[in-house]
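Report on the following structure.
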Amino acid sequence: CDTLSAGGMWSVWVDGFDALNRQIYALTNSTANPIRGSPIVTFVARDTAVASVSPVGIRAATVTARKTGTTWIVATRDVLLDSLQLVVR
């Protein structure tokens, strides 16, 4: 992903399919993100001093860069997980 400046914000989301194109969650459409309901995934930052994560609806989150450094944003659903490296300058 792109480098963020400290204080910058970035959005992450999940679609209903895994990397092998197997459906993990049935969505009514590709942009649906209901505010209420069980989250499709849980997003976390491995180093919360570098970035914080706030959920937005059932499939997205806002990542806020807090200070210079590198961390991973991890999305978990049951035994499935994926991650993105975030660099903050």
Side-chain angles (χ1 to χ4, degrees):
C1 64
D2 292 335
T3 301
L4 279 179
S5 297
M9 296 171 65
W10 183 57
S11 294
V12 292
W13 66 92
V14 64
D15 61 21
F17 297 86
D18 69 10
L20 298 174
N21 208 32
R22 292 183 296 225
Q23 190 171 19
I24 63 169
Y25 190 85
L27 295 169
T28 56
N29 69 52
S30 63
T31 60
N33 185 30
I35 298 300
R36 291 183 173 82
S38 297
I40 296 173
V41 298
T42 301
F43 292 100
V44 297
R46 288 220 175 126
D47 186 343
T48 57
V50 174
S52 63
V53 179
S54 300
V56 177
I58 69 166
R59 68 183 281 191
T62 298
V63 176
T64 303
R66 300 178 80 184
K67 72 171 198 167
T68 301
T70 303
T71 190
W72 290 89
I73 306 302
V74 181
T76 306
R77 177 177 172 82
D78 300 325
V79 298
L80 302 173
L81 63 99
D82 201 356
S83 58
L84 298 166
Q85 188 177 43
L86 174 64
V87 178
V88 179
R89 58 177 174 197

d(Trp10 CH2, Leu86 CG) to nearest 0.5 Å is 6.0 Å
Taken to the nearest 0.5 Å, the spacing of Thr3 OG1 from Gln85 CD works out to 9.0 Å
Residues in side-chain contact (heavy atoms from CB on, under 4.5 Å) with [X], at least two apart?
X: Leu20; answer: Asp18, Arg22
X: Ser83; answer: Trp72, Val74
X: Pro34; answer: Ala32, Ile58

message: Under a 3.5 Å cutoff, is there a donor and acceptor pairing between the side chains of Arg89 and Ser5?
response: yes
Only one of Thr71, Val88, Val12 passes side chain to side chain contact (heavy atoms under 4.5 Å, CB included) with Val63, and that residue is Val12
For Ser11, the side-chain hydrogen bond (donor to acceptor under 3.5 Å, both in side chains) test, sequence neighbours excluded, returns none
Result block: side-chain N/O donor-acceptor pairs under 3.5 angstrom for residues 41-54, not counting sequence neighbours:
from  : atom 1 : to    : atom 2 : distance (Å)
Asp47 : OD1    : Ala49 : N      : 3.0

Heavy-atom nearest pair, Thr64 first then Met9, reads OG1-CG, 3.8 Å
Only pairs under 3.5 Å count here: list side-chain donor-acceptor contacts from residues 75-82, not counting sequence neighbours, and write none if there are none.
from  : atom 1 : to    : atom 2 : distance (Å)
Arg77 : NE     : Ile24 : O      : 3.4
Arg77 : NH1    : Ile40 : O      : 3.0
Arg77 : NH2    : Ile24 : O      : 3.4

